[in-house]
**Student:** 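I have a structure I would like to understand better, so I am pasting it below and will then ask my questions one at a time.
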Number of protein chains: 2
Amino acid sequence: MPRTVDHEERRAHIADALVRVAGRDGLHAVTMRAVATEAGVSLRLVQYYFDTKAQLMVGALRHLERQSHQRWARRLAELPDPVSPRAFIGAFLAEALPTDEQSRVFHLVGTSYAVLAMTDSDLVEEPFVAGVDNLERQLTDALRRAEAAGQLPPGTDIAVEVAHLLALNHGLGTSVVIGQRTVDEAWAVLHRHLDRLFATDTRATAATP
Amino acid sequence: MPRTVDHEERRAHIADALVRVAGRDGLHAVTMRAVATEAGVSLRLVQYYFDTKAQLMVGALRHLERQSHQRWARRLAELPDPVSPRAFIGAFLAEALPTDEQSRVFHLVGTSYAVLAMTDSDLVEEPFVAGVDNLERQLTDALRRAEAAGQLPPGTDIAVEVAHLLALNHGLGTSVVIGQRTVDEAWAVLHRHLDRLFATDTRATAATP
DNA sequence: CGGTATATGATACCGATGTATCACCATGTT
DNA sequence: AACATGGTGATACATCGGTATCATATACCG
């Protein structure tokens, strides 16, 4: 065998290039050649590591999910050890808001894939719903903890609230990326909603924005 | 001049075809030829009425906005004459949920354009923000009326609530189109939120779903 | 009645894009 | 040392998509 190379690293490198292109010019501008150029490799290499364009697309999506998962884990690990559920949820949702370039690209590319999944469903569905399900599970757990700690008003329907938070967060993210709202405005909405959701007597202030 | 034809009607016809194609196969599948075939006209005709593809795209977007505007107007006109603000807002938001094929296509195509606007900003921006601004204005007015009628808790920040409702509605619509939620679940979230927003003593039930 | 501007069809062109092919290089194993 | 195999480059091919061109039919105006 020739000088053996770390395949996974190469694939990650190429996937990163795709995300950069999609984040800059849109997912429709993603072509095998554009990705190759962005990654600084030859077209043939992209073909070699991802046989077809479809595989390249789902590969990049999976890569993006993994990456964002790490981002979340890192951010949540920075929180003080016994975190109030409210602070946890605040940080969790804040991470999805397009505050810096990386999260902006994440939202943009993620939404692009979501739109893709609306029509070419089966193509991209599996890695996509996996990521979304993961977020939903974590949020549900956090809300359960909050409920167990008696921080939610009685009769709160957790599934409904989770759906609300996720939809709201996505909508806010989109409005920010579009330029319709500033990050601060989005934050105000989120903050206000959490205040209402955790409507107990002890009204704590939220976590770090 | 030859047999003079209603240009506006022709343009609307072609724009409709574009929306159908985009709603079925995705906005990336929209090509001049595909639109021509869908509209049952020659490629040349599409070129004739919309010189370039960019013009075709913004033309169709404008058409979509007009059309949805009419949908809203019709729906809101059906409400009983002195409408409670709550019922008005409920109906207003319900209209955006992807309940039937038409609203599903509206959401799908609208979101596709939104994603486009994230990168090719100037191309599609003008008609896009116009539509969004319009919704925002109507919602703001409705909330102002509610406030004037004393149906909102004191200290409600209307701008924040409007941003919340719009973002939430968009997010819910997307989750429904993706297949992540059913329309009923989305409705439950919306309903629950309106309950909370109109948290006065007289707890009225919502309008027709 | 003829002409001219409007309206529509057929088709050509060029660039981009996904995919395929062929050759070649490098290295670890026998 | 030889060779088989993993890795890489150059390039070709077919298709598709946007745009351009040429021709022509229609009907209204003078």
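We name chains A, B, ... by the order of the sequence lines, and we start the count at 1 in each one. Quantities reported herein were computed from a predicted structural model and do not represent experimental measurements.
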**Student:** Who are the side chain to side chain donor-acceptor pair (under 3.5 Å) partners of A:Thr174, not counting sequence neighbours?
**Tutor:** A:His107, A:His170

**Student:** With a 4.0 Å limit, can you tell me whether A:His7 has a side-chain N or O closer than that to the phosphate oxygens OP1/OP2 of D:dG7?
**Tutor:** yes

**Student:** Regarding A:Arg196 and B:Glu161, does a basic nitrogen lie under 4.0 Å from an acidic carboxylate oxygen?
**Tutor:**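 The answer is yes: the pair qualifies as a salt bridge.
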
**Student:** I need the CG-P distance between A:Leu45 and C:dA26, as an integer number of Å.
**Tutor:** 15 Å

**Student:** CZ/B:Phe128 to CZ/B:Arg62 distance, rounded to the nearest 0.5 angstrom?
**Tutor:**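 Result: 14.0 Å between the selected atoms.
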
**Student:** Between C1' on D:dT21 and OH on B:Tyr48, what's the gap in Å once rounded to a whole number?
**Tutor:**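 In whole Å, D:dT21 C1' lies 16 Å from B:Tyr48 OH.
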
**Student:** Give a yes/no on whether any side-chain N or O of A:Tyr49 is located under 4.0 angstrom from OP1 or OP2 of D:dT8.
**Tutor:** yes

**Student:** Nearest whole Å is fine: how far is D:dG6 P from A:Arg10 CZ?
**Tutor:**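 Taking atom P of D:dG6 as the reference, CZ of A:Arg10 is at 16 Å.
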
**Student:** Any N/O pairs under 3.5 Å between the protein and nucleotides 11-18 of chain C? List them or say none.
**Tutor:**
residue : atom : partner : partner atom : Å
C:dG18  : OP1  : A:Lys53 : NZ           : 2.9
C:dG18  : OP2  : A:Thr31 : OG1          : 2.8
C:dG18  : OP2  : A:Met32 : N            : 3.0
C:dG18  : N7   : A:Arg33 : NH2          : 2.5
C:dG18  : O6   : A:Arg33 : NH2          : 2.7

**Student:** Under 4.0 Å between a side-chain N/O of A:Ser42 and OP1 or OP2 of D:dT8, yes or no?
**Tutor:**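 No, A:Ser42 has no side-chain N/O under 4.0 Å of OP1/OP2 on D:dT8.
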
**Student:** Taking the basic N atoms (NZ, or NE/NH1/NH2) and the acidic carboxylate oxygens, is any pair closer than 4.0 Å for B:Glu136 and A:Arg181?
**Tutor:**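 Counted as a salt bridge, because a side-chain N and a carboxylate O are separated by less than 4.0 Å.
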
**Student:** For residues 13-26 of chain B, tabulate all N or O donor-acceptor pairs below 3.5 Å that involve a side-chain atom, not counting sequence neighbours.
**Tutor:**
residue : atom : partner : partner atom : Å
B:Asp16 : OD1  : B:His63 : NE2          : 3.1
B:Arg20 : NE   : B:Glu38 : OE2          : 2.7
B:Arg20 : NH2  : B:Glu38 : O            : 3.4
B:Arg24 : NH2  : B:Glu38 : OE1          : 2.4
B:Arg24 : NH2  : B:Glu38 : OE2          : 3.4

**Student:** In whole angstrom, give the distance that lies between atom CG of A:Asp51 and atom C1' of C:dT21.
**Tutor:**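 Result: 14 Å.
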
**Student:** With the side chain counted from C-beta on, respond yes when B:Gln102 and B:Arg71 share a heavy-atom pair under 4.5 Å apart, and no when they do not.
**Tutor:**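 Heavy-atom side-chain distance check passes, below 4.5 Å.
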
